[in-house]
A.B. asks: 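Please find one structure pasted underneath; my questions will follow.
Keep in mind the model is a prediction, meaning the values are calculated, not measured.
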Amino acid sequence: MRGSRRPIRGGVEGVMAAAVGCSGGRVWMVVVPVLLVVLQPAGAASAATLPVVINTWAFRKAAETAWGVLRLGGSELDAVERGCGQCEIDQCDGSVGYGGSPDESGETTLDAMIMNGNTMEVGAVADLRHVKNAISVARKVMEYTKHTLLVGESASLFAVRMGFAYEDLTTQKSLSVYSEWLNQSCQPNYWKNVIPDSSKSCGPYKRPEEVTYKEKQISRRSFHNHDTIGMIVIGGSGTVVSGTSTNGAIHKIPGRVGDSPIAGAGSYADSTAGGAAATGDGDIMMRFLPSYQAVEYMRMGTDPTVACQKVISRIQKYAPNFFGAVICANITGSYGAACNKIPGFTQFHFMVFSPLLSHPTEQVVDCI
């Protein structure tokens, strides 16, 4: 007699063990309940199931919104747009949406992208001004133009033509942050090798006749302030979509564009392999295309957690003190994350919603 088996997931689950025998011409069977405890160590591969929503940081409402779209029959593109858009509305941690991260001129500008893993189409905007709905404008770039990325005031004019409101992104809070920064001699900032000394004054700066390069890198990022929302949605049919939205580095030089709106850097989606999204110091991370690289690792069969760890390790070789993390998910619904361990940033929190979960769950990984 061959016993039946049921899959066992992490946690506690009851199964049945059967014994068969014969006595006095009668066949008897004893069924005994057995309690098995299966522990999933930190960093182990997640249970694979679809659909799945995963996003950077503990942005719970974003995950809830994306999942709600899927539950009501919306597409994966709709889910990513609405999920990231929720963070733009909520001004998640001041690092997404209007009224946050003023640049050196005191203005808030936005970057966003969305990628369709079925068609490999991308829509993105960078240095977007006077329009609040960056992720939605990015989707319009994908759906109504043959371009991939629009930037600056021209991107804003495009948004207006698509029906978006032209409005001020500045708030009283962002003005206060800007004023405080000016009163602190514009510290910190993103200039180097200029005169006057950018570590002591607000400039204006210019290039010296002879440049002496400084090798030491100093992180300009506030760990409390978090960063970009990056989101991956994989539908029940295996369609992969990714997206990002951010207001960029606080006190950045006007015109600066980070990794968030760059395909392969901020996020990447391929329905034949999986999706990934990055968060952190975009000026460093975009040089390594971590999201693209993570998806390619998963294409070769690498576990999502290991894929994330490998791209973090690669960046560490060149910038050991960088601030950043990556989330990854493959087309089976298995997911993982990794981050670079530096003082003040030893763990990374991210959100997951899947059929195995009754609500969006905050998960944590230890940085490497």
A.B. asks: Are the side chain of T108 and the backbone of G100 linked by a donor-acceptor contact shorter than 3.5 Å?
C.D. replies: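 Yes, because the side chain of T108 sits within donor-acceptor range (under 3.5 Å) of the backbone of G100.
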
A.B. asks: Flag the pair E107 and R129 as a salt bridge only when some basic side-chain nitrogen lies within less than 4.0 angstrom of an acidic carboxylate oxygen.
C.D. replies: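 A salt bridge is present here (some side-chain N lies under 4.0 Å from a carboxylate O).
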
A.B. asks: Salt bridge check: are R60 and E64 linked by an N-O gap of less than 4.0 Å?
C.D. replies: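 No, this pair does not count.
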
A.B. asks: Please walk me through it: do D168 and Y98 pass side-chain contact (heavy atoms from CB on, under 4.5 Å)?
C.D. replies: CA-CA 8 Å; D168 193 357; Y98 70 99; over 6 Å; no

A.B. asks: Just by distance, do the side chain of T65 and the backbone of K61 share a donor-acceptor pair under 3.5 Å?
C.D. replies: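 It does hold such a pair.
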
A.B. asks: What do you reckon, is OH of Y292 surrounded by more than 12 foreign heavy atoms closer than 6.0 Å?
C.D. replies: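 Open: at most 12 neighbouring heavy atoms sit under 6.0 Å from OH of Y292.
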
A.B. asks: W181 vs E104, test: side-chain contact (heavy atoms from CB on, under 4.5 Å). Steps then yes/no.
C.D. replies: CA-CA 9 Å; W181 179 72; E104 280 193 347; 3.5 Å; yes

A.B. asks: Between S291 (side chain) and A265 (backbone), is there a donor-acceptor pair under 3.5 Å?
C.D. replies: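 Present.
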
A.B. asks: For the side chain of N330 and the backbone of P304, is there at least one donor-acceptor N/O pair under 3.5 Å apart?
C.D. replies: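 Checked: no pair found.
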
A.B. asks: Between the main-chain N or O of G230 and the side-chain N or O of T56, is there a donor-acceptor pair closer than 3.5 Å?
C.D. replies: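 Flag set: sc T56 to bb G230 pair under 3.5 Å.
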
A.B. asks: Please check if I54 and L77 belong to a single hydrophobic cluster, counting links between Ile, Leu, Val, Met, Phe, Trp and Tyr side chain heavy atoms closer than 4.5 Å.
C.D. replies: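 Yes, it is one cluster - the side chains of I54 and L77 are joined through contacts under 4.5 Å.
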
A.B. asks: Is Y144 atom OH crowded by more than 12 heavy atoms from other residues, nucleotides or ligands, each under 6.0 Å away?
C.D. replies: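 No.
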
A.B. asks: Do S174 side-chain atoms and T171 backbone N/O form a donor-acceptor pair below 3.5 Å?
C.D. replies: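 Yes: the side chain of S174 pairs with the backbone of T171.
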
A.B. asks: Treat each ILVMFWY residue as a node, draw an edge where side-chain heavy atoms are under 4.5 Å apart, and state whether I89 and M231 are in one component.
C.D. replies: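 The answer is no; the residues belong to distinct hydrophobic clusters.
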
A.B. asks: Can you get from I327 to I229 by hopping between Ile, Leu, Val, Met, Phe, Trp and Tyr side chains that sit under 4.5 Å apart?
C.D. replies: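 Yes.
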
A.B. asks: Check this for me: does any side-chain nitrogen of one of D283 and R256 sit under 4.0 Å from a carboxylate oxygen of the other?
C.D. replies: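 Salt bridge: yes.
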
A.B. asks: Between V96 and Q91, does a side-chain contact (heavy atoms from CB on, under 4.5 Å) hold up when you go through it step by step?
C.D. replies: CA-CA 5 Å; V96 182; Q91 301 169 284; over 6 Å; no

A.B. asks: Between N133 and E88, is a side-chain hydrogen bond (donor to acceptor under 3.5 Å, both in side chains) present by the stated rule, with each step listed?
C.D. replies: CA-CA 7 Å; N133 317 97; E88 293 172 347; 4.9 Å; no

A.B. asks: Any donor-acceptor pair under 3.5 Å linking the side chain of Q187 with the backbone of S185?
C.D. replies: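 Yes, Q187 side chain to S185 backbone: donor-acceptor pair under 3.5 Å.
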
A.B. asks: Please check: side-chain N/O of D111 versus main-chain N/O of V257, any donor-acceptor pairing under 3.5 Å?
C.D. replies: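 Not confirmed, D111 side chain does not pair with V257 backbone.
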
A.B. asks: Any side-chain heavy atom of F350 within less than 4.5 Å of one from Y335?
C.D. replies: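 Yes, close enough: below the 4.5 Å cut-off.
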
A.B. asks: Between E167 and K132, is there a side-chain N and carboxylate O pair less than 4.0 Å apart?
C.D. replies: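 Yes, this pair counts.
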
A.B. asks: Closer than 3.5 angstrom, by distance alone: can the side chain of E76 be matched with the main-chain N or O of G117 as a donor-acceptor pair?
C.D. replies: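 Here the side-chain-to-backbone pair does not exist.
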
A.B. asks: Working note: M113 + M115, criterion side-chain contact (heavy atoms from CB on, under 4.5 Å); need CA distance, chi angles, decisive distance, verdict.
C.D. replies: CA-CA 7 Å; M113 70 157 287; M115 183 168 186; 3.8 Å; yes

A.B. asks: So, the side chain of T244 versus the backbone of S260: is there a donor-acceptor pair under 3.5 Å, distance only?
C.D. replies: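 It does hold such a pair.
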
